[in-house]
Amino acid sequence: MATIATISSSPSDVSRTDAVLSYVTKRLLSHGHRVTPIVLRDLPATPLLRGQADDPAIARAVETLAAADAVVVTTPVYKAAYAGLLKVFLDLLPQYALRGKPVLPLATGGSPAHVLVIDYALRPVLTSLGAGSIGQGWFVLSSHIRLYDGGGLLLDPEASVPLYQVTEAFLSTVEGEQVVESLPVQPSALEVVRVRPEDPEAAPLLADLVVEYSTRYGRSNDQILLTEVPPSDFHAERGGSFVLLRHGGQTVAGGAIRRYDDETAEVKRMWTSHLHRRQGLGRRVLAELEVVARDLGYRRLYLTTGPRQPEASALYLAAGFEPQFDVDADPESIGPLPFSKNLPVSLQVAS
């Protein structure tokens, strides 16, 4: 387990930059690492501007940075430059404050014209401070970040996929592992396996769902923590099943069913890896679950998805599920969105 310091340089209490950092922090925690935040707007302004490194609050922030094994630096972009808060903090650090530490730089801004801020403005400063390695980093457009009351965050796929990739690459460096290449899935090479949710192969699916739900909905509850359904509900002896798609030894997608009533199975835990989305894997998982449900004697499938999961709603509609709600209403006014589908008499899944 590593200790990773995160530096927030947004001057606002509620900001898109901090929302992105919160998402990345959840991913760091899901890998079992310890995260120690440094929030620059909480430091005393006068000592910070005067470079008084001996101020107790500033000294603690510097000590937090020194004790970290790796660092994530985030900044909003103003006037084609990184935040002034970040500059004054970096200016008062010892010359080699980042010596040997992997660093992941992230920025947010309102225009694609600022996409090079990380490489041409921030990276040279981090290098001068002795960073052991500086990850690719990522610039996230403000228009790709939607904030909700209560801390929820929805990232556009154009932001979420590369942000996931640079974070995983950073984690691979921290953990001393090789970066996993994102290769297109070959349908003929997919392996369909049935497991129990407590099996190691299911761990990537469950861990990523917790991160996704807590990011999108903000508030912790049983649904977000995946504790609203006992794992035993997905065991075959209780009328359930847990199906995974494996490719090249990696779990790339999956889903499960549980008994809803005598004739209905409820679909739960639908997931596709960020590295393999938009390749038809969700449809394949649903097709496999339909076969399993029919084998178990069910005649109907039922599921709910959240109002902040438009990709999931689109998948279910494309797979022939019927919405059991007003599709013209604001999803946020409805809450969980129910879908159902009657199973055909016979099913075949393409190999």
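In this text the structure is predicted, and so the values were computed from the model without any measurement.
- Nearest heavy-atom pair, Thr251 versus Pro204, reported as atom, atom and distance to 0.1 Å: CB-CG, 4.5 Å.
- Other residues, nucleotides and ligands contribute more than 12 heavy atoms inside 6.0 Å of the OH atom of Tyr78.
- A donor-acceptor contact shorter than 3.5 Å links the side chain of Ser333 to the backbone of Asp330.
- Ion pair Arg308/Glu332 flagged as a salt bridge, since at least one NZ, NE, NH1 or NH2 atom sits closer than 4.0 Å to an Asp/Glu carboxylate oxygen.
- Rounding to the nearest 0.5 Å places OG1 of Thr75 at 8.5 Å from OH of Tyr82.
- A distance of 10.5 Å separates CG in Leu104 from CG in Leu126, rounded to the nearest 0.5 Å.
- Here Asn221 contributes atom CG and Thr227 contributes atom OG1; the two are 8.0 Å apart, rounded to the nearest 0.5 Å.
- In this structure, Asp18 pairs ionically with Arg41, as a charged nitrogen and a carboxylate oxygen lie closer than 4.0 Å.
- Shown here for Pro105 and Leu122, the closest heavy-atom pair between the two residues is CB-CD2, 4.0 Å.
- Donor-acceptor pairing under 3.5 Å is recorded for the side chains of His33 and Glu175.
- The closest donor-acceptor contact from the side chain of Arg269 to the backbone of Val243 lies at 3.5 Å or more, if one exists at all.
- Note that the CD1 atom of Ile58 and the CG atom of Leu92 stand 6.0 Å from one another [nearest 0.5 Å].
- Val285 and Gly255 get closest at one heavy-atom pair: CG1-N, 3.6 Å.
- Not one N or O on the side chain of Arg259 forms a donor-acceptor pair closer than 3.5 Å with the backbone of Glu266.
- In this structure, CD1 on Ile7 lies 10.0 Å from CG on Leu21, to the nearest 0.5 angstrom.
- In this structure, Asp199 contributes its side chain and Arg196 its backbone to a donor-acceptor pair below 3.5 Å.
- Around the OH atom of Tyr260, the shell of radius 6.0 Å holds no more than 12 heavy atoms that belong to other residues, nucleotides or ligands.
- Shortest non-hydrogen contact noted between Ala253 and Leu281 is CB-CB, 4.0 Å.
- Around CG of Asp149, the count of heavy atoms belonging to other residues, nucleotides or ligands within 6.0 Å does not exceed 12.
- Of the possible polar contacts, one joining the Arg277 side chain to the Thr272 backbone as a donor-acceptor pair under 3.5 Å is found.
- No side-chain donor-acceptor contact under 3.5 Å links Thr17 and Thr74.
- The closest donor-acceptor contact from the side chain of Thr305 to the backbone of Ala312 lies at 3.5 Å or more, if one exists at all.
- The CD atom of Gln52 sits 12.5 Å away from atom CG of Leu43, with the distance rounded to the nearest 0.5 Å.
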Under the criterion side-chain hydrogen bond (donor to acceptor under 3.5 Å, both in side chains), I'd like the reasoning laid out for Ser340 against Gln324: C-alpha separation, chi angles, the key distance, then a yes or no. CA-CA 7 Å; Ser340 66; Gln324 306 300 305; 3.0 Å; yes
What do the steps show when you test Lys341 against Glu322 for side chain to side chain contact (heavy atoms under 4.5 Å, CB included), and what is the final call? CA-CA 6 Å; Lys341 181 178 182 179; Glu322 295 289 337; over 6 Å; no
Would you please test Tyr148 and Arg216 for side chain to side chain contact (heavy atoms under 4.5 Å, CB included) and show each step? CA-CA 8 Å; Tyr148 294 91; Arg216 297 193 185 209; over 6 Å; no
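- The side-chain heavy atoms of Pro323 and Leu317, taken from C-beta on, include a pair separated by under 4.5 Å.
- Looking at every heavy atom in both residues, Val35 comes nearest to Pro37 through O-CD, 3.7 Å.
- With side-chain heavy atoms closer than 4.5 Å counting as contact, directly or through intermediates, the hydrophobic cluster containing Phe234 also holds Val193, Val195, Leu205, Leu206, Leu209, Val210, Tyr213, Tyr217, Ile224, Leu226, Val229, Phe242, Leu244, Trp271.
- Side-chain heavy atoms closer than 4.5 Å link hydrophobic residues (I, L, V, M, F, W, Y) into clusters, and following such links, possibly through other members, connects Leu155 to Leu29.
- Remark: side-chain polar atoms of Glu168 are not paired, donor with acceptor, to backbone N or O of Gln165 under 3.5 angstrom.
- Residues Glu290 and Pro344 share a closest heavy-atom pair of OE1-CD, 4.5 Å.
- Donor-acceptor pairing under 3.5 Å is lacking for the side chains of Arg27 and Thr167.
- A 6.0 Å sphere centred on NZ of Lys87 holds no more than 12 heavy atoms belonging to other residues, nucleotides or ligands.
- Gln279 and His247 share no side-chain donor-acceptor pair at under 3.5 Å.
- Under the 4.5 Å side-chain criterion, counting only non-hydrogen atoms from C-beta, Leu129 is in contact with Leu90.
- Contact check for Tyr302 versus Val267: no side-chain heavy atoms found under the 4.5 Å cut-off.
- The ring pair (Phe, Tyr, Trp, His ring centres under 6.0 Å) search around Tyr298 returns none, not counting sequence neighbours.
- Between Val192 and Arg246 the shortest side-chain heavy-atom distance does not fall below 4.5 Å.
- Ionic pairing of Glu228 and Lys268 is present here: one or more N-O contacts between side-chain nitrogen and carboxylate oxygen are shorter than 4.0 angstrom.
- Atom CD of Glu311 has more than 12 neighbouring heavy atoms from other residues, nucleotides or ligands inside a 6.0 Å radius.
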List the steps and the verdict of side-chain hydrogen bond (donor to acceptor under 3.5 Å, both in side chains) for Lys26 and Ser22. CA-CA 6 Å; Lys26 289 181 172 70; Ser22 175; 3.0 Å; yes
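- Judged purely by distance below 3.5 Å, without hydrogens or angles, the side chains of Ser15 and Ser10 pair a donor atom with an acceptor atom.
- A heavy-atom distance below 4.5 Å is not found between the side chains of Val71 and Ile4.
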